[in-house]
Amino acid sequence: MSDTIFGKIISGEIPSEFIYEDEHCVAINDINPQAPVHVLVIPRRGIPRLVDAEADDQALLGHLMLAAGKVAERLGVDDAFRLIVNNGAGAGQTVFHLHLHIL
Ligand code: 5GP
């Protein structure tokens, strides 16, 4: 678990509505949406940045992509969404617990 806002959301320390969850990840609505649908898919395991992921994380990374597709289907945007991962402060990453943006 990471000591970030997302780590606290996943642990329940900060209450948040999970619009999707499974054993490996949760999805929440972004607090500051940049599109009509803006959802964050967050692994329960707290990897700071994509470049910090290791070979052991391969299945988890694939799982996040599949979960994003399921969330998009549930939200009815499966024909029109983008996935974004900001890696590093230089790319605008502000929460250092890896996450996928669904927009
Ligand atoms: P990043 O810039 O790190 O790729 O994305 C972090 C995202 O988390 C931002 O879009 C920001 O609006 C969102 N965010 C930050 N704090 C919270 C929070 O407490 N709750 C939710 N739901 N989203 C948050």
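For ligands, and for the atoms within them, numbers begin at 1 and follow the listed sequence. Predicted model only: the values in this text are computed from it and were never measured.
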E17 side chain to N29 main-chain N or O, any donor-acceptor pair under 3.5 Å? no
Return each pair, listed once, that meets ring pair (Phe, Tyr, Trp, His ring centres under 6.0 Å) where at least one residue sits in residues 48-86; pairs must be two or more places apart or across chains. H24-H63
Candidate with minimal heavy-atom separation from atom 10 (O) of ligand 1, of V95, D30, T94: D30
Please go through I31's hydrophobic cluster and name the other residues, only I, L, V, M, F, W, Y counting, with side-chain heavy atoms under 4.5 Å joining them. none
Could you tell me which atoms of ligand 1, counted from 1 in the order shown, lie closer than 4.0 angstrom to a heavy atom of N32? 12 (O)
Determine, using ring centers only, whether H99 and H101 are less than 6.0 Å apart. yes
N29 contact mode with ligand 1 (heavy-atom cut-off under 4.0 Å): backbone
Just jot down the ligand 1 atoms closer than 4.0 angstrom to any heavy atom of N86, in number order. 1 (P), 2 (O), 4 (O)
In terms of atom number and element, which parts of ligand 1 are under 4.0 angstrom from non-hydrogen atoms of I5? 19 (O)
Report the distance from atom OH of Y20 to atom CD1 of I42, rounding to the nearest 0.5 Å. 13.5 Å
Heavy atom of the protein closest to atom 17 (C) of ligand 1 (residue, atom name, distance): I31 CG2, 3.7 Å
Need the ligand 1 atom indices (1-based, order shown) with element for anything under 4.0 Å from a heavy-atom of H99. 1 (P), 3 (O), 4 (O), 5 (O), 6 (C)
Give the residue, atom name and distance (to 0.1 Å) of the protein heavy atom nearest atom 2 (O) of ligand 1. G92 O, 2.9 Å
If I take atom NE2 from residue H38 and atom CG from residue D30, how far apart are they, to the nearest 0.5 angstrom? 4.0 Å
Should S16 be counted as touching ligand 1, given the test is an N or O pair under 3.5 Å? no
Please report which non-hydrogen protein atom sits nearest to atom 8 (O) of ligand 1, along with the residue it belongs to and the distance in Å to one decimal place. F6 CZ, 3.4 Å
Which distance, rounded to the nearest 0.5 Å, do you find between the CD of E13 and the CG of D3? 8.0 Å
Note: ligand 1 atoms sitting under 4.0 Å from heavy atoms of I28 are 21 (C), 22 (N)
Looking only at heavy atoms, which two atoms of L98 and P43 are closest? And how far apart? O-CD, 3.0 Å
